[in-house]
Q: 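This structure is in structure tokens; I'll ask about it shortly.
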Amino acid sequence: MRIWCFLQNLPSRLQIKNFAACNFAKPTSCVAILAGLGMLAAPAALAEAPLSQSTNLYGATGLIDLPSAESAPDGNINLTFSTFGNTSRSTLTFQITDRLSGSFRYSKVNSFMPDGAATFDRSFDLSYRFLDESTYLPAMTVGLNDFIGTGIYGAEYLVATKSFGPSVRATAGLGWGRLGSHGSIGSPFGERPFIDLDNFDEGGTINYDQWFRGPMAPFGGVSWQATKDLLLKAEYSSDAYTQEVARGAATISSPWNFGAEYKVSNELRLAAYYLYGEEVGAQLTFNINPKRPASTTGVEIAPLPVKSRPSRQSNPAAWDTSWANGSTSQPGIQGAIKKALAKDGIRLVAMSTTAHTVDLEIENEKYGPQPEALGRTARILTRAMPASVETFVITLHVQGMATTSTIIKRSDLEQLQHAGANAILAKTETIDAVSRPRPHLNFDDETYPRFLWSIAPYAKLSFFDPDNPVRGDLGVELSSTFYLGNGIVLSGSIRKKIIGNLDEATRTSNSTLPHVRSDQVLYDINGDPGIEFLTAAWYSRPATSLYGRVTAGYLEEMFGGISAEVLWKKADKPYAFGAEVNYVVQRDFDKLLGFQDYSVATGHVSAYYKMPIGFHAQLDVGRYLAGDWGATLSLDREFKNGWKVGAYATVTDVSAEEFGEGSFDKGIYMSIPFDWFLGQPTRQVADITLQSLARDGGAKLDVDGRLYELVRDTHRPDLEDRWGKFWR
Amino acid sequence: MGKVLEMRHFSRKVTAAALLCCSVFLTSCGNNPTKGQGVRLAKDYSMSVLGKLNGSGGKTPTEPTGDSLRALDAAILTALPGPVQTFYAADLKSFAALLVWDRSHGYVTWTSSTKQSLTFKKGILTATRGLSGDLMSANVDGPASLITARRTGNTQRVNRYLDGEGVTLPITLNCAITRGANETYSAGQITASTVVMHENCTAPGYSFENKYWVDGSGSVLQSHQWISAELGYAHIRLLRR
């Protein structure tokens, strides 16, 4: 018998990876980043939007157990933990745009099951503020709660909030579903389809046939900003907790709730409630906003100022071009530039000069924004190059591939160094590095071959195992990379666990598909120490706008084999297309050199599009690891400082029944640049993916070095986004 | 050149340090500049945050005055050649001696021994680097012409910052320049009679008042200038021309 809680689920994974956009690195990490986030002053409020940082028991912007029409500031991220009676909820809420908000929640209700056991539930919410507050009209929001979950929190609402003076806001709304269960005033849009919570299908599909159906009930409340940091609230709830009461998991004697929320800092809020005449509740909310970095400009040392040339009239000798004829001066210039670049964390790869042009090829190992590396390099060139050199061509290298060349006139640098960054941006041009002949490059002999290694701690977490909702391992990872030149890179990583309980999970896979992902716990139990990956890769530029990659070896934790990819991306365009084919064999659970007898040909064609409004979309169509065919759509909100918050969904020809709980694969992810919270320059980024359920359908190979993410930040659209740091 | 010349940076107040502390106990090593760096930096960062929370910021200097300032000025002049000015920012709690690094197109860039820099046009601050919350650039031609002429008038300036996403944020400010008292300025090797010029600038969300001690030739010898919301005011004194 299927029961509606997630007893048979396998835990999902929180993966945290560090990788620099130009870096090979495989998972390693520190979890710290999730909450150790430095904040500055809150951004100024928008004129008409009723902004609030206050969260309700569901982690959404609102009253106590109910929503309001208020919104958090754009980009806001809240992590809320709330508990009362038998219920506890952990929610991640993201203000996706100024008007649209989304939440992902993991809840536990004790004593809910017939046998007295607890139940666990995952739910997704969306809300949209379609009307802003004006002199006479309130702000209005429409929301869908638990719209693709199993429906325990399924509710829809329409809510209005109006300010009265600077510190009082009143909210009134109409709820359906759960929010229409107390004090209903009728069912204007027909009956709500019945869902048997004890005997339902896999869930996880969009339950639109329920929306706004069934009994409708009014709710409302008031919030009062009593002091700068204390917010008092009262509400009348339309949620009768019908299921909880029927199962003896809750007692309700009043629809009135009262609460107080205290703002400890911009990042932390605490709240206490008196709920439904019976229970006391407590709540903790962590707040971060990608628009509030630790430092807006960073604290790295000052760049060298531009050195202006003497005028040709005042010093004609300085403009002499005979230096370019001999072969003696150029090695000296190159050596001096190399040294100056190294001080700024930039690697000189190759150089060539004529009397009027210098071609400098570099690899940025330090700065998150590539324009900062370009700006520093250009300034160094103004100090090192003889006066006759007017054109600087700076080419960025990634994994041995020359990606783009940015052409800057020296006289523009001299004139515009004290102006805003947009002035110099307008004078520069970025072209594909391969589209322009680059003869006589003198390669620096220390660039290749080059051996890099590191020993660093890693953390690996697992969430949502009902036996233990958070598990984790902490250990040490030894990684190394050997750059052989010509785009050939050998790399590998070994992990040794020091402490952790991932191997204590006892739920084994019941999947009827090949166990391409659901045997994770067997890898955790047997794979210590284990080879995380061990690969040989070849990166190449076959032609203008084309990028190539071939990777062979132990590609990821569970699969080894060969992977080949080609990407078509123009240097100045916001879109790209790619294709990848892989033949892989499943690795042994001991994560050493052996293989199991499952093999598969998998691969995708992909389209990428960076939208002008700060969003990014990616569509992958192809064959997944279990041999299933389908497509993945990923949508990210991208911040110009490198933060990304996104969600994806994969639908394949695996039926919902075969897939199991959740029906299809979906998840949310975040990329957090380390420099954002450190204020120090670094190209490291923490990538965090949270799958709603880790199952076997729609699973993708996790090969490192996929081309699009490697090269895109050297292309014009991304360079323009981050150009503010050119003069930093 | 001595400790006195160091410009210290103290991290912004950060209260959400809770989980970062895990990294305090971890270290990493290797020769890969793009790996493990985060952990290392996270460690430094946590340390600085913890230091702050523990109130162990005792090394933060207060602005020297009186005899200790004169002794300091003398020591700086002995140690350093050429034009010298000092910089003190109360919010940063940092004191530094600055030397001329570069001159171009009427802008003079001064630098500290720890490679932070300040750029001035006619004595008016137009840019800082390496201080966190830097002033990226500024158009100060309006105020500069009035201040150096020691004249009262209304004008505008544009200060450019980076917003939270790293995008250039130009702020156009309306500024009232007024002529204040006559004062004798005496520091280091300079003694001159000056007029204190006041610059009152406002824009939505911004408001500051700068002061400049201007001599008869229009040179700014001493100033009290606002840098940015993160950095607050700086006190700049010329010791040797």
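Quick note: numbers below take in every heavy atom, side chains included, and nothing from hydrogens, waters or symmetry partners. The chains referred to below are lettered A, B, ... by the order of the sequence lines, with proteins before strands, and numbering in each begins at 1.
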Q: Work out which heavy atom in Ala421(A) is nearest to a heavy atom in Thr168(B); give both atom names and the distance.
A: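 That closest heavy-atom pairing would be CB-OG1, 3.9 Å.
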
Q: Of the backbone (N, CA, C, O) and the side chain (C-beta and beyond), which part of Thr119(B) lies under 4.5 Å from a heavy atom of chain A, both, or neither?
A: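 Contact with chain A: side chain only.
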
Q: Starting at NZ of Lys307(A), measure out to CZ of Arg103(B) and round the result to the nearest 0.5 Å.
A: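 Interatomic distance, Lys307(A) NZ to Arg103(B) CZ, rounded to 0.5 Å: 10.5 Å.
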
Q: Is it the side chain or the backbone of Arg383(A) that comes within 4.5 Å of chain B heavy atoms, both, or neither?
A: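 Side chain only.
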
Q: Taking all atoms of both residues into account, what is the closest heavy-atom pair of Thr297(A) and Gly133(B), and its distance?
A: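 So the minimum-distance heavy-atom pair works out to OG1-N, 2.9 Å.
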
Q: Under 4.5 Å heavy-atom distance to chain A, tell me which part of Ser104(B) shows up: side chain, backbone, both or neither.
A: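 Answer is both: backbone and side chain atoms of Ser104(B) are under 4.5 Å from chain A.
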
Q: Taking NZ, NE, NH1 and NH2 as the nitrogens, is one of them in Arg379(A) or Asp102(B) under 4.0 Å from a carboxylate oxygen of the other?
A: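 A salt bridge is absent here (no side-chain N lies under 4.0 Å from a carboxylate O).
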
Q: As an exercise: rank Gly166(B), Ser228(B), Ser137(B), Gly164(B) by heavy-atom pairs under 4.5 Å with chain A and give me the winner.
A: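 Looking at each option in turn, the highest pair count goes to Gly164(B).
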
Q: Taking all atoms of both residues into account, what is the closest heavy-atom pair of Pro305(A) and Thr109(B), and its distance?
A: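 Looking at all heavy atoms of both residues, the closest pair is CG-CG2, 4.0 Å.
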
Q: Which heavy atom in Lys291(A) sits nearest to a heavy atom in Glu165(B), and how many Å separate them?
A: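 Minimum heavy-atom separation between Lys291(A) and Glu165(B): CE-OE2, 3.6 Å.
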
Q: Hey, is the main chain of Leu304(A) close enough, under 3.5 Å, to the side chain of Arg129(B) for a donor-acceptor pair?
A: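 Side chain of Arg129(B) to backbone of Leu304(A), a donor-acceptor pair under 3.5 Å: no, none is there.
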
Q: Between Pro290(A) and chain B, with a heavy-atom cut-off of 4.5 Å, which part of the residue counts as in contact: side chain, backbone, both or neither?
A: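 The backbone, not the side chain.
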
Q: Quick check for you: among Glu300(A), Glu414(A), His418(A), Lys640(A), which has the greatest number of heavy-atom pairs under 4.5 Å with chain B?
A: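 The answer is His418(A).
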
Q: Count the heavy atoms belonging to other residues, nucleotides or ligands that lie under 6.0 Å from CZ of Arg241(B), then report whether that count exceeds 12.
A: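 Counting neighbours around CZ of Arg241(B), more than 12 heavy atoms of other residues, nucleotides or ligands fall under 6.0 Å, so yes.
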
Q: Specify the closest pair of heavy atoms between Asp721(A) and Val167(B), including all atoms of both residues, with the distance to one decimal.
A: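 Closest approach of Asp721(A) to Val167(B): O-CG2, 4.3 Å.
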
Q: Where on Gln417(A) is there a heavy atom nearer than 4.5 Å to chain B: the side chain, the backbone, both, or neither?
A: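 It is the side chain, since no backbone atom gets that close.
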
Q: Ignoring hydrogens, what is the shortest heavy-atom contact between Ser308(A) and His105(B)? Give both atom names and the distance.
A: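 For Ser308(A) and His105(B), the tightest heavy-atom pair comes out as OG-CE1, 3.3 Å.
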
Q: Picking from Gln415(A), Arg722(A), Arg728(A), which has the most non-hydrogen pairs under 4.5 angstrom with chain B?
A: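 It is Arg728(A).
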
Q: Report which part of Asp134(B) has an atom under 4.5 Å of a heavy atom belonging to chain A: side chain, backbone, both, or neither.
A: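 Both backbone and side chain.
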
Q: With a 4.5 angstrom heavy-atom cut-off, could you sort out which part of Val306(A) is near chain B: side chain, backbone, both or neither?
A: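 For Val306(A), the contact with chain B is made by the backbone alone.
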
